[in-house]
Amino acid sequence: MATLGVLAYMLFLLNPANQGDLLPYALVIVAESVLIFHALLSMWTILSAGYEPRDFAYHEAKRSLFSRRRDDADTMFIDGEPVLIDIFITVYGEDIDAVRRTIAAAIAVRGAHRTWVLDDGRSEAVREACEELSAWYVRRLSSNGAKAGNVNHGLSIAKGQYFAIFDADFVPHPDFLVETMPFFADANVAFVQTPQTYGNLDTIVARGAAYMQTVFYRFVQRGRNRSNAAFCVGTNVIFRRAAIDEVGGMHTDSKSEDVWTALALHEQGWRSVYISDVLAIGDAPETVEAYSKQQLRWATGGFEILLTHNPLSPRRTLTADQRIQYFVTASFYLTGICPLLLLLVPPLEIYFDLRPMNLSITAGTWALYYFGFYGMQIVLAWFVMGSFRWETLTLATASFPIYAKALWNVIVGKDVGWQATGARGKPSSPFQFIIPQLLFFVFLLLTSVVAVWRDWQNGTPTIATAWNVTNTVILALFIGAAARESKRSPAPAIVPEPVETPLRTVVSRPAPRELETAR
């Protein structure tokens, strides 16, 4: 039904008889075309989500995953052969309590494995936590290649045939390996990805960021299994070492190493698997700053693929379905820029009497088709999440400066520094990151006053006024969240600890008894 609503709205917009003034009509067509394209592809992918990757071979492999001999009861077996598994926890300045929780949970994961903490933050507190909890600790000489470089350095030390990656704030479930390892009975499987699920839904930003990804992880990624196009999201994932070796390690030339690495593996003919089981719970960005940096990093990676490695190019060794899915991935963040175009449409009518649609179209007709698209999206979200999450609408509308900046950075080749989403540093005001939103809010607020006064004088309410007031309220909610955030006591800044002189790579091993257990 949502798909039919999208198609009806598309035909309504493209009907030449409905065209209004050129400038606002062009803004609407450009924005809605991007949104409709992605909505249709999402619907098509979601309708493929019934594909079940757990086949007979998976269940057979799971049944024989553990040996019945007492001396190696915790060792995992694939095709009758024992396997060595490494679990990497990437750390870069995250809260030490969160890091400790993740280390403890990783060590407790069922199945013989070694837990490695790859610390690019060079923290003595993290090193001491590893010694206390009996995890391997690795501190490298430099931070080249950011997170991907950190993992590649870990791979130069660890020698397991398989390795899992967890961000420092994602706590793995004890059965993570039990549920994912049986897929590797298929020699073509390169990695198994599980969803990102968040437990810290305490702020508007955290709830909005978490809810925005619900449909993607619950349905879209699962639907991509049918096309062998489910991609890595950087955490809660386990790889086959041989597959990563074949593509030269984790991709280090982008801030979105996860999707680039998955693309390289798919181009080499490897298979990916996504399961929607929640096997790790982490922290969503809680502040405007953390959210802005996370989205800027993700959007930059997507635009890099779109502009430098177009998946639709005939040079790409991908299937037709994979080309489409990766093109959707690469161009997805264009949907985040579309609200900027749509925010400009009501002021054009209010100030210049320029309308996107023909005057002969009644408000009821417009509302009918408009609801067929946007209303059905809300209904679909309600079906998925059990209610309408206004926080998602707020963040989706107010994030356009982030995505516009990411696109511009890729076009001009500007590099932005990498920072972990959960990393803590010097406290800063959230208003430093939302200056464009503040300026737009002031403009829309003044425009709403003008529009209400005009409608009062004319004695007739208009769609433009209602539309503009709605946009103003949405931005006001976002700015209100930033205001509440600025009033909270800032977390103490984490001062970088002095690094040993001269710089050196540090590898700290756990106690001998733990070495014997994880052998």
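Since the structure is predicted, the reported quantities are computational estimates derived from the model, not experimental observations. In this chain, numbering begins with 1 at the start of the sequence shown.
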Please check: side-chain N/O of [X] versus main-chain N/O of [Y], any donor-acceptor pairing under 3.5 Å?
{"X": "Asp120", "Y": "Tyr92", "value": "no"}
{"X": "Gln161", "Y": "Leu84", "value": "yes"}
{"X": "Tyr274", "Y": "Tyr217", "value": "yes"}
{"X": "Glu485", "Y": "Val288", "value": "yes"}
{"X": "Arg323", "Y": "Arg316", "value": "yes"}
{"X": "His113", "Y": "Gly160", "value": "no"}
{"X": "Asn225", "Y": "Val273", "value": "no"}
{"X": "Ser227", "Y": "Gln322", "value": "no"}
{"X": "Arg222", "Y": "Tyr51", "value": "no"}

Would you say that [X] contacts [Y] through its side chain, given a criterion of any heavy-atom pair below 4.5 Å between the two side chains?
{"X": "Phe88", "Y": "Leu155", "answer": "yes"}
{"X": "Ile244", "Y": "Leu265", "answer": "yes"}
{"X": "Thr194", "Y": "His173", "answer": "no"}
{"X": "Ile402", "Y": "Tyr291", "answer": "yes"}
{"X": "Leu342", "Y": "Leu35", "answer": "yes"}
{"X": "Glu304", "Y": "Thr300", "answer": "yes"}
{"X": "Glu289", "Y": "Gln432", "answer": "no"}
{"X": "Thr197", "Y": "Phe170", "answer": "no"}

*Give the intermediate values and the outcome of ring pair (Phe, Tyr, Trp, His ring centres under 6.0 Å) for residues Phe231 and Phe216.*
CA-CA 12 Å; Phe231 61 85; Phe216 173 75; 5.8 Å; yes

Going from [atom1] on [X] to [atom2] on [Y], what distance comes out if it is rounded to the nearest 0.5 angstrom?
{"X": "Asp175", "Y": "Asp277", "atom1": "CG", "atom2": "CG", "answer": "10.5 Å"}
{"X": "Leu40", "Y": "Thr45", "atom1": "CG", "atom2": "OG1", "answer": "10.5 Å"}
{"X": "Asp169", "Y": "Ile281", "atom1": "CG", "atom2": "CD1", "answer": "12.0 Å"}
{"X": "Leu477", "Y": "Leu393", "atom1": "CG", "atom2": "CG", "answer": "9.0 Å"}
{"X": "Tyr162", "Y": "Asp86", "atom1": "OH", "atom2": "CG", "answer": "12.5 Å"}
{"X": "Glu32", "Y": "Cys338", "atom1": "CD", "atom2": "SG", "answer": "8.0 Å"}

Taking the inter-plane angle between the rings of [X] and [Y] on a 0 to 90° scale, is it parallel (under 30°), tilted (30 to 60°) or perpendicular (over 60°)?
{"X": "Trp136", "Y": "Trp116", "value": "tilted"}
{"X": "Phe332", "Y": "His38", "value": "perpendicular"}
{"X": "Phe37", "Y": "Phe327", "value": "perpendicular"}
{"X": "Phe166", "Y": "Phe176", "value": "perpendicular"}

Looking only at the side chains, is there a donor atom on one of [X] and [Y] sitting less than 3.5 Å from an acceptor on the other?
{"X": "Ser272", "Y": "Gln193", "answer": "no"}
{"X": "Gln325", "Y": "His266", "answer": "no"}
{"X": "Ser156", "Y": "Arg140", "answer": "no"}

*Hey, mind stepping through Arg297 and Glu257 against salt bridge (Lys or Arg N to Asp or Glu O under 4.0 Å) and telling me if it holds?*
CA-CA 10 Å; Arg297 191 172 69 245; Glu257 79 294 332; over 6 Å; no

*Salt bridge flag under 4.0 Å for residues Arg315 and Glu267*: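 A salt bridge is absent here (no side-chain N lies under 4.0 Å from a carboxylate O).
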
*asked:* Does this structure show an ion pair linking Asp167 with Lys147, if we count only N-O contacts that are shorter than 4.0 Å?
replied: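 A salt bridge is present here (some side-chain N lies under 4.0 Å from a carboxylate O).
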
*Determine the minimum heavy-atom distance between Ile305 and Val259, stating which atoms define it.*
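That closest heavy-atom pairing would be CD1-CG1, 3.8 Å.
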
